[in-house]
Every structure is written in C-alpha cells, then in structure tokens.
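To start, the structure under review is shown below, and the notes come after it.
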Amino acid sequence: MPELPEVEVTKQSLSPMLLGTTISGVHVGKPLRWPLGVDPKTLVGQTIVGVRRRGKYLLFDLDAGLLLLHLGMSGSVSVSQQWPGPLGPYDHFELQTTSCWMRLNDPRRFGAAVFAPSENSPQAHKLLGHLGVEPLEAGFTSDYFAAGLAKRAGAIKQVLLGGDVVVGVGNIYASEALFMAGIRPTRGAKRIGRVRINKLHQAIQTVLVRAIALGGSSLRDFKHTNGEHGLFQANSQVYGREGQACTQCQAPIKRIVQGQRATYFCATCQR
DNA sequence: AGGTTGACCTGTCAGC
DNA sequence: TGCTGACAGGTCAACC
C-alpha cells in the first residue's frame with residue numbers, strides 16, 4: 001500500500017475510535033510477515049493511550065508496551081463500532097476493544113502486527129531503528145536532505161525508496177516527486193545539484209501533502225477504514241501512465257525497472 | 001559500508 | 001472458458 005499518505009490517513013481515522021479504549025480480545029489469523037512476538041492474551045486489558053505513525057508503521061501505545069502494525073503491500077485496516085461479522089479469509093489480525101473492532105485485512109500477508117515492550121526495546125529497534133527522518137516534520141530540512149544524498153552513489157529513486165534518508169516515500173510517490181522536480185530517476189543521488197535537491201525536497205512534501213488531502217492513492221485494493229477508496233490515482237502525473245502523453249510536454253511517459261520495481265518518468269522533462 | 005538481489009504470498013488481469 | 005505468466009503499494013536478509 002500503503003505508502004506514507006495511506007498510513008497517515010488510516011491513522012487519522014483510527015485514532016478517535018481507538019484512543020482511550022481498552023483491549024478486550026485479540027484474534028490472530030494466518031501468519032503475517034513477522035509473528036506477534038507475545039501471547040495475544042497478554043494484550044487483553046491494556047488501554048490504547050496513543051496512536052501514532054512512524055514511516056509506514058502504525059504505532060499503538062499501550063499501558064505496557066507498543067503494538068506495531070504494518071500494511072505491507074496489500075493491507076488495509078477497518079474499524080467499526082458494531083460487530084463486523086465473522087472474520088474473512090484475509091482478516092489476519094483483529095483487536096476488539098471496549099467500543100469497537102479493528103481488523104487488518106491483508107491478502108498477500110506482507111504486513112505485520114508486532115508487539116514490543118517499549119519503543120527502545122530490541123523488537124521495536126529492529127523495525128524502526130534504521131528509519132530516516134519524517135518528510136513532513138521539521139527535521140526534514142533541505143540541508144539534511146542534501147547531506148544524506150551526498151553520501152549515496154545509487155540511483156535517486158532507489159535512495160528514496162530505501163527509507164534511511166527519508167521515510168514514507170514509496171514506489172508511486174517516488175516517481176511522482178521526481179517528475180515534479182524534473183529529475184531523472186536513474187540519476188546518482190550524489191550527482192544532483194543543490195538547486196535541484198531543493199526542488200526535490202519541496203516536491204516530496206508537496207506530493208505527500210496533496211496525497212493525504214486526497215485520502216491517499218488507491219491503485220488496487222487499498223481501502224480506508226470506512227471502506228472507501230482514495231482519490232490520488234486520478235491525479236497521478238506519471239505513475240501507471242506508460243505510453244500516455246506527458247502532461248507538460250506531450251512526450252510519451254516511459255516505464256523502466258529499477259531494483260525490480262517499476263519506475264515511470266518523462267525522458268524530456270526529467271534529466 | 002554501500003549496492004544489489006532474492007524471498008516472502010496471493011490476487012488480478014492480459015494474452016493465447 | 002481455461003490456463004499461464006507478468007505484475008502489484010514493502011522491506012529484510014544475504015550476498016558481492
């Protein structure tokens with residue numbers, strides 16, 4: 001999915017429903033990417049005192065510990081205040097609280113629900129420890145971004161996806177931000193001039209903020225907690241538009257593969 | 001140490 | 001209609 005905007009939109013809708021409620025039941029379905037790491041029963045009785053996002057992880061602060069949810073490629077979360085019926089074949093994790101049910105539905109099972117005793121525990125550190133700065137927080141300055149890119153010889157698209165310089169920029173928004181900044185996805189990160197780095201820094205924030213406002217993208221099966229699809233898809237400038245005319249210059253959009261992932265760009269507008 | 005590749009798992013869609 | 005292969009939002013571990 002689930003890039004930063006989708007996770008952020010999910011967090012925003014989950015938060016008011018879950019905050020302050022107490023877990024009364026936990027159901028674990030088929031194995032996800034990682035095991036929960038604790039007997040589900042130990043979560044019962046704990047109150048959800050915080051709902052946060054870090055990169056593409058949803059974090060639920062409990063009285064004693066932290067629950068991390070990742071949506072992988074195909075995950076989505078639903079919450080409802082009435083019993084949503086029996087678990088479906090792809091509902092692999094469910095939290096029942098004193099006022100609602102929350103389910104993680106994930107056909108491909110690349111997602112995960114993991115318990116960590118604290119944010120500083122090894123369990124949490126393994127997943128969160130290497131993450132770069134949040135693109136929409138104050139730490140993401142263009143100076144920081146330029147310093148991060150200066151150390152990286154690899155293609156800028158793959159550095160963005162790596163998540164150790166800046167988190168949350170996934171395959172769709174990496175293509176979109178690079179188009180907005182006029183930078184070719186294959187360009188070595190350290191070979192981008194400062195003026196263009198500033199443009200990319202701005203483009204990443206613009207693309208993400210816009211996507212959040214539109215409710216996240218919805219290329220396939222992403223759904224919000226209320227079951228509605230996002231609207232970003234209709235706003236895509238390059239992603240998924242191979243062969244179609246560039247919105248700036250009319251040249252056909254190209255598709256290449258980098259690191260086994262599809263990249264879309266305009267060979268005229270992006271250098 | 002940074003860069004690259006494979007693996008995880010299953011649904012959908014295009015093409016024959 | 002049915003089968004096969006390509007492809008899909010992510011990210012870690014294991015290599016060079």
Side-chain angles (χ1 to χ4, degrees), chain A residues 1-11 29-35 37 53-58 68-77 88-93 104-114 122-132 147-177 185-191 207-208 211-212 214-224 229-236 238-243 255-264:
Chain A
M1 89 165 239
E3 300 186 31
L4 182 147
E6 291 77 12
V7 182
E8 177 64 22
V9 166
T10 299
K11 184 208 80 179
K30 284 190 177 180
L32 292 164
R33 181 171 172 77
W34 301 294
R53 178 189 58 73
R54 176 74 177 102
K56 295 167 192 165
Y57 289 90
L58 287 166
L68 298 90
L69 236 57
H70 197 289
L71 305 184
M73 296 269 260
S74 56
S76 63
V77 177
Y90 308 127
D91 294 325
H92 301 303
F93 185 78
L104 172 62
N105 182 280
D106 185 7
R108 275 176 86 183
R109 292 195 277 131
F110 285 178
V114 174
Q123 294 94 321
H125 189 78
K126 181 187 155 202
L127 301 180
L128 306 176
H130 61 95
L131 296 182
L149 296 190
K151 296 179 213 150
R152 309 299 296 273
I156 180 62
K157 160 89 179 318
Q158 293 180 261
V159 172
L160 291 179
L161 286 187
D164 39 294
V165 176
V166 59
V167 294
V169 184
N171 205 36
I172 297 177
Y173 301 119
S175 279
E176 294 297 319
T186 50
R187 177 164 293 276
K190 64 161 71 164
R191 296 189 54 249
V207 163
L208 294 178
I212 291 169
L214 290 170
S217 93
S218 175
L219 279 194
R220 284 160 201 282
D221 31 20
F222 178 70
K223 290 194 184 122
H224 300 298
H229 285 267
L231 297 170
F232 182 78
Q233 185 179 11
N235 275 267
S236 162
V238 287
Y239 190 87
R241 297 191 67 241
E242 181 183 15
R255 177 188 187 276
I256 59 173
V257 174
Q258 293 179 282
Q260 305 162 308
R261 314 293 302 279
T263 298
Y264 298 86

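Reminder, nothing fancy here: chain letters follow the sequence lines and each chain counts from 1.
- A donor-acceptor contact shorter than 3.5 Å is absent between the side chain of Q258(A) and the backbone of T263(A).
- Side-chain proximity of A153(A) to dT10(B), dG3(B), dT11(C): nearest is dG3(B).
- The environment of NE2 in H130(A) is crowded: more than 12 heavy-atom neighbours from other residues, nucleotides or ligands sit within 6.0 Å.
- Looking at heavy-atom distances under 4.0 Å, R261(A) makes contact with a base.
- Which of dG2(B), dG10(C), dA8(C) sits closest to the side chain of R255(A) comes down to dA8(C).
- Ring-base stacking between F110(A) and dT11(C) is not satisfied when judged by a centre separation under 5.5 Å and a plane angle under 30°.
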Which protein N or O atoms sit under 3.5 Å from an N or O of nucleotides 13-16 of chain C?
none

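- Using a distance-only test at 3.5 Å, with no hydrogens or angles considered, no donor-acceptor pair links the side chain of E242(A) to the main chain of Y264(A).
- Comparing dT11(C), dC9(B), dT5(B) against the side chain of Q260(A) picks out dT5(B) as the nearest.
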Using Watson-Crick and G-U wobble pairs whose two distances are both under 3.5 Å, how do you write the pairing of DNA chain B as dot-bracket, with | for links to another strand? .|||||||.|||||||
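- Residue H70(A) places its side chain closer to dT11(C) than to any other of dG2(B), dT11(C), dG11(B).
- Checked against dT10(B), dG10(C), dC12(C), the side chain of H130(A) finds its nearest nucleotide in dC12(C).
- Nearest nucleotide to the R33(A) side chain, out of dC9(B), dC12(C), dG2(B): dC12(C).
- Atom name P, nucleotides dC3(C) and dC9(B): the rounded distance is 24 Å, in whole Å.
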